[in-house]
Amino acid sequence: MAAESIQSLIAATGVEDLERRFEAQRRAFAGEAYPTPERRRDRLDRLEQALRRHEADIRRAIAEDFGHRSHDETLLFEQFMCIEGIRHARSELRKWMRPRRRGVAWWSLPGRAVVTHQPLGVIGIVVPWNYPLSLAVGPSIPALAAGNRVMVKMSEYTPRIGALFEQMIAEAFEPTEMTVVNGGVEVARRFTSLPFDHLLFTGSTPVGREVMKSAAENLTPVTLELGGKSPVIVGGDFDVAEAARRIMHGKLANGGQTCIAPDYALVPAASVDAFIAACRDATLRLYPALVDNLDYTSIINDRHFGRLAGYVEEARLKGATVHKLHPDESDAARRRFSPVALTAVSADMRVMREEIFGPILPVVPYGEVGEAIAFVRERSHPLALYYFGGGEGRKRVLRETISGGVTVNNTLLHFAQEDLPFGGVGPSGIGAYHGSEGFRTFSQAKPIYYDSRLSGSALLRPPYGKLFQLVTRLLHR
Ligand code: NAD
């Protein structure tokens with residue numbers, strides 16, 4: 001879709017309106033500094049009801065934004081994930097809110113220490129286009145559970161779900177509790193310059209850098225959920241055909257447009273041919289037809305389709321071998337990109353430098369596991385890493401590589417574990433959410449020390465006489 005027609009769909013939120021909504025939330029928060037568990041649960045219930053009420057509309061809106069997005073993928077990767085997150089937060093809420101007892105210095109006894117979690121205030125959430133519902137709702141869940149007010153900025157690339165989500169939230173919430181903002185980069189810039197009490201941004205690494213700069217002006221703490229190249233390493237002891245089936249599922253879901261999709265594969269040199277044959281077989285099983293298959297998701301827009309075609313062409317010209325993984329040709333008009341694997345790739349190719357975010361799988365051979373580890377370590381810390389296999393190889397990869405998260409023997413699934421924190425490290429992100437870490441991200445973990453009525457601190461006050469010296473000598477032994 002042309003940029004102009006996308007723009008015409010967005011009822012961009014005006015700058016003044018943005019500031020007005022922010023101030024209203026601030027005032028409302030000042031009037032309710034510590035919402036009860038019942039109040040928080042009620043907000044989570046309303047979020048769930050809104051999602052259920054608009055189930056079919058959501059699938060339709062996202063499909064239209066993508067040109068085509070598989071309805072089943074929206075059900076599984078977005079709607080189910082949101083409901084799971086809400087259920088988890090609701091059942092854990094009381095536990096998360098409970099003050100945590102901490103130890104006290106022996107000389108402070110019988111004093112007592114706790115850490116309590118207090119809502120921060122108004123939380124800003126910036127959403128990318130690739131999973132527009134789950135990346136709007138996912139961070140909103142712990143932000144609401146922690147007792148905050150929430151403002152969400154949707155992506156300009158998904159205007160239909162953006163408009164629908166704005167309407168859904170306006171029906172279910174007072175704008176002072178939760179509100180949704182739409183608009184392009186200008187609105188996004190204004191949004192991220194508001195003095196939020198915490199800002200969670202999901203998107204690309206270059207924009208993440210901009211967001212952190214503008215948050216720094218207000219000293220607003222940030223959680224950055226960014227992207228990058230997530231490697232998969234196939235161990236020598238894992239069945240190559242089974243690995244290929246699992247990898248291609250993770251690679252091709254959402255047309256490859258998943259932040260934690262396996263970006264490239266490191267495969268034992270002797271198994272590369274068998275692996276590529278197995279990837280072809282797996283692709284055909286997953287998508288017997290491609291161009292007309294409703295299970296297969298289109299590339300979001302012409303620019304991204306062209307970017308992917310450009311990667312393959314540049315790699316081919318620089319000497320890579322292109323392995324078609326499906327007999328159907330790509331259809332540029334409908335942005336259906338036919339998956340390919342690439343071998344003989346080199347570090348100077350864009351496909352090996354930039355996050356692919358599409359159905360292209362470079363395959364890099366390695367000799368022994370130390371080589372695969374070195375390949376990962378020479379590059380930026382990835383958001384996700386996948387290892388197939390066990391034994392010493394697995395142990396070494398887990399210990400010697402740094403990544404945001406790991407799934408062993410499959411791809412993507414660590415994201416779906418509600419009780420595991422999710423986030424990147426270094427260029428793939430800062431901070432985490434999901435589970436109790438999400439609740440803590442949006443809370444002030446406030447340490448409180450309760451001194452006892454029988455406090456010994458009187459012994460430490462001036463005038464510093466003999467008693468003081470005796471006590472400090474005892475303490476200082
Ligand atoms: P993007 O960075 O282009 O845009 C994300 C959001 O930022 C949009 O809402 C956009 O309006 C806004 N934005 C754009 N310019 C801005 C600016 N200068 N200041 C403030 N906000 C601005 O990302 P995208 O193309 O929508 O999404 C794809 C990227 O997101 C990929 O890199 C992918 O890996 C990453 N991603 C990460 C995760 C994760 O959980 N770590 C999840 C999904 C996507």
Side-chain angles (χ1 to χ4, degrees), residues 3 6-7 10 12-13 18 65-66 77-78 81 85 124-139 151-159 161-162 165-166 180-194 196 199-217 220 222-230 253-263 299-301 303-304 307-308 354-358 380-384 403-405 412 414-416 420-434 437-438 441:
I6 290 179
Q7 288 306 325
I10 305 171
T13 311
L18 211 60
D65 279 334
F66 274 76
F77 295 124
E78 306 231 49
M81 292 305 301
I125 293 172
V126 183
V127 185
W129 54 263
N130 66 328
Y131 289 97
L133 183 78
S134 69
L135 296 171
V137 173
M151 287 180 72
V152 178
K153 151 75 179 74
M154 301 298 280
S155 167
E156 62 276 26
Y157 285 158
T158 47
I161 184 66
F165 192 58
E166 184 171 342
V180 178
V181 165
N182 275 288
V185 174
E186 208 33 57
V187 173
R189 286 209 180 98
R190 298 284 187 154
F191 185 86
T192 53
S193 66
L194 290 171
F196 287 111
L199 182 60
L200 183 142
F201 167 83
T202 305
S204 61
T205 302
V207 177
R209 207 169 272 128
E210 293 297 311
V211 168
M212 195 163 173
K213 270 189 209 153
S214 85
E217 289 293 320
T220 290
V222 290
T223 300
L224 301 179
E225 299 282 342
L226 310 177
K229 295 181 80 62
S230 297
N254 203 27
Q257 301 160 107
T258 303
C259 57
I260 49 169
D263 187 278
I299 302 303
I300 186 76
N301 57 31
R303 183 170 69 80
H304 280 288
R307 178 181 62 81
L308 295 170
E354 297 172 13
E355 178 179 6
I356 296 174
F357 228 55
S380 301
H381 298 325
L383 180 59
S403 61
L412 314 188
H414 62 289
F415 180 89
L420 284 180
F422 178 77
V425 48
S428 60
I430 294 175
Y433 70 112
H434 287 199
E437 279 80 3
T441 288

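For ligands, and for the atoms within them, numbers begin at 1 and follow the listed sequence. From a predicted model like this one, the values you see are computed outputs, not experimental measurements. FYI, side chains are in, hydrogens and waters are out, and symmetry mates aren't considered; it's all heavy atoms of this structure. Positions are given from 1 along the sequence.
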Holding to ring pair (Phe, Tyr, Trp, His ring centres under 6.0 Å), I want the full list of residues that pass it with F77, two or more places apart in sequence or in another chain. none
Is there a donor-acceptor pair closer than 3.5 Å between any side-chain N or O of S428 and the backbone N or O of H381? yes
Do side-chain atoms of E437 reach the backbone of A432 as a donor and acceptor pair under 3.5 angstrom? no
Check each N or O atom of ligand 1 against all protein N or O atoms and list the pairs under 3.5 Å, with atom names and distances to 0.1 Å, one per line.
residue, atom, partner, partner atom, Å
ligand 1, 2 (O), S204, N, 2.8
ligand 1, 2 (O), S204, OG, 2.7
ligand 1, 9 (O), V127, O, 2.7
ligand 1, 9 (O), K153, NZ, 3.2
ligand 1, 11 (O), K153, NZ, 3.0
ligand 1, 11 (O), E156, OE1, 2.6
ligand 1, 23 (O), S204, N, 3.4
ligand 1, 25 (O), W129, NE1, 2.9
ligand 1, 26 (O), W129, N, 3.3
ligand 1, 26 (O), W129, NE1, 3.4
ligand 1, 30 (O), G203, O, 3.3
ligand 1, 32 (O), E355, OE1, 2.7
ligand 1, 34 (O), E355, OE1, 3.3
ligand 1, 34 (O), E355, OE2, 2.5
ligand 1, 41 (N), E225, O, 3.4
ligand 1, 41 (N), L226, N, 3.4
ligand 1, 41 (N), L226, O, 2.7

May I ask you to decide if the ring planes of F196 and F191 are parallel, tilted or perpendicular, using 30° and 60° as cut-offs? tilted
Can any side-chain N or O of N254 pair as donor or acceptor with the backbone N or O of Y131 at less than 3.5 Å? no
Look at the rings of F422 and Y433 and say which category their plane angle falls in: under 30° parallel, 30 to 60° tilted, over 60° perpendicular. perpendicular
